[in-house]
Amino acid sequence: MDYYVLQTNNLCKNYKSFKALDGLTMNVPRGAIYGFVGKNGAGKTTLIRLICGLQFPTSGDYELYGIKNDDKSIALSRRRMGAVVETPSIYLDMTAKENLKQQYRILGLPSFDGIDEILELVGLENTGKKKAKNFSLGMRQRLGIAVALCGNPDFLVLDEPINGLDPQGIIEIRELILKLNHERKITVLISSHILDELSRLATHYGFIDKGQIIKEMSAEELEAACRKCVRMTVTDTKALSRVLDDMNIEYKILDDTTADVYAKPNFSQLAAALAKENCEVVTMEEHDESLESFYISLVGGAEHD
Amino acid sequence: MINLLSAQFSKLFKNKLFYAAVIIFTAIGFASSVLFIKYIPDLAHMAEEAIAEGDTEHLWNTYETSIMFDITSRMDFHILVFAPAVFISMFIGREFDNNTIRNKVIIGSSRPLIYLSNLIVCFVSQIIMQLAYCLALFLPSFIIYLKYRSVINMKFFEISFKDFLITQIIGIGIMLVCSSLYLLITMTAGSKTHAVISSIIVIFAMFLVSNKINTMLYVPDEEDYNYYIPTYTETTDTPDESQIPYYDPYFGYGSYTDYVESYRGKNLKAGKRFLYETIDDTLPTSQVLYMMNSDTTPPRTGKFIVCDLLLSAALSAVGIVIFNRKELR
């Protein structure tokens, strides 16, 4: 059984002279909620269009459940996925139930038995004869997800699902995604530029900029990278290291003069201990890196490179 | 394919535009029928009065008329090509506007099958509309025919039933080509509005080309002018038994259609003639003009049907290739 649901290898997509994807390589593990982070125009939607088969790569390839995109049996892999790309693909003159029936027919499912369950799952069970054109943005989004859930997929691709939603709508979609992941074990690839919201959901992250993945990491790794700490600038980090070890305090040396200290020690005692080691404290500031600042530092770093 | 067809047909039969189109076709059929037969009750009344007065000597000559259902059914052939330009563009174009076409592609449905299922549904929708038209045309005419055929001399079919069926098959061929053409335009345009505008422009352009080619085939170029084609009225102004039907010393007896047909392309040089005749036989708009203007079964029916099938296959092949490479949003 493949560990990865989706793997891309050096994927490129050009629109005339514009490179939307420039050698993108990423891996979405089975069971993950993979947060695909990037600013507008970074290439998130382009990647999603490629893996959904809506567009074709200029070069490079990708695998869905271990099957390459140019393999004819990729159609079977696609049967296992559902997607909402940008706006939900729904018939506005149909009710929620009729929309799902239509998708059931396309999938060739023998009965409409699962429809009520899906509607209940996305919270649209009481919409009755109301047409989708009269739905709120959040309801449409949930209906889009419901359509994507027809056929019982185990890989769900959601492109900016909370764009334009009110706070209540955002909470509903978040809870729905978590429920799908926890209860139905659906792997979710979710793209967004609302990083704070993503940080409440994702188990894995892929940071994209200018069509390239600049960093792929798990939520644990990101948490460690964004941990609250005191950033100290000292004259000698070796001395600082000895003192912090003696005090049994967790830390991370960044360079010869800077270190992050992951606790709030007694700073008088620390300063005194450092003085004994002939080490001066130059600056000391609380450092709390959010996902956003982490992303900015990544993108900034990439630009600097 | 069956899944896609099931989904598309289900959508078609829930589509308000489809029912609106069927109603319009029915109304046109009914209106054409009524316009054509409205004088018959008066004529029958006059015939009855004549019979009552004992004037039976010239009855059948005076009160002879025809319903000619077969000819009437060709009078509105142009709606076969105009109506689907709007309907297909809107019905299929909507899938691009609301992006529901993506729902098929994402789950791995093959693009050629998506295309073909759309073609089948569009074609069937055209046949249903044409059936509605024919039924609305047929019923009032047939009722009038049954009611008054004993009083006045009436024919329901001008040509044989077999020829009538051939005419209808040509109609189906034209519908197939139109479905293929408008589907190609819609699947390429990728939006309802663009598709409607493009389809209408294309069909108008095709009518213009057909008219032009038709003129070129029957009216001599100055440079190619080597004989004079007399007009039909010029040859039939003087009542002459030999000219009813038209008698041409060279081509012999025949109807007006035979007469016109006999001159087709003879004013052109061989290469030019072949080119114009091929275009004229192939374009569905030329076939429509021909069907609407002729009074008999077209002599080139086999060619028309083959051209329709070939053109439809070619348009569909092009459409599938384009849609297979089309980048969806």
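Reminder, nothing fancy here: chain letters follow the sequence lines and each chain counts from 1.
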Geometric class of the B:F25/B:Y133 ring pair [parallel <30°, tilted 30-60°, perpendicular >60°]: perpendicular
When B:R325, B:K14, B:R94, B:K326 are compared by non-hydrogen pairs under 4.5 Å with chain A, the top option: B:R94
Short N-O contact, A:D154 and A:R184, less than 4.0 angstrom: no
Engaged part of A:D93 at the chain B interface, taking heavy atoms whose separation is under 4.5 Å: side chain
Proximal component of A:V85, with respect to chain B [non-hydrogen, under 4.5 Å]: both
Chain B contact via A:I51 - which portion, at a heavy-atom distance below 4.5 Å: neither
Contacting moiety of A:R79, where chain B heavy atoms sit under 4.5 Å: both
Evaluation steps, side chain to side chain contact (heavy atoms under 4.5 Å, CB included), between B:F96 and B:L328: CA-CA 9 Å; B:F96 288 89; B:L328 301 169; 3.8 Å; yes
Atom group of A:Q103 that falls short of 4.5 Å from chain B, counting heavy atoms: side chain
Lys/Arg-Asp/Glu bridge criterion (N-O < 4.0 Å) met for A:D159, A:K44: no
Mutual orientation of the aromatic rings belonging to A:Y34 and A:F36 [parallel < 30°, tilted 30-60°, perpendicular > 60°]: tilted
Contact leader toward chain B among A:V84, A:I74, A:L107, A:N99, where contacts are heavy-atom pairs under 4.5 Å: A:L107
Contact origin within A:I106 toward chain B - heavy atom pairs under 4.5 Å: both
Side chain / backbone / both / neither for A:K13 at chain B, heavy atoms under 4.5 Å: side chain
Check: B:Y182 ring centre within less than 6.0 Å of B:F91 ring centre: no
Interface moiety of A:T87 toward chain B, non-hydrogen atoms closer than 4.5 Å: both
Which of B:T100, B:N98, B:N99 touches chain A most, by non-hydrogen pairs under 4.5 Å: B:T100
Chain B contact via A:P153 - side chain, backbone, both or neither, heavy atoms under 4.5 Å: neither
Euclidean distance, A:C150 SG relative to B:I107 CD1, rounded to 0.5 Å: 9.5 Å
Aromatic plane relationship, B:F18 with B:F87 - under 30° parallel, 30 to 60° tilted, over 60° perpendicular: tilted
Straight-line distance of A:I170 CD1 to A:I162 CD1, nearest 0.5 Å: 5.0 Å
Contacting moiety of A:Y15, where chain B heavy atoms sit under 4.5 Å: side chain
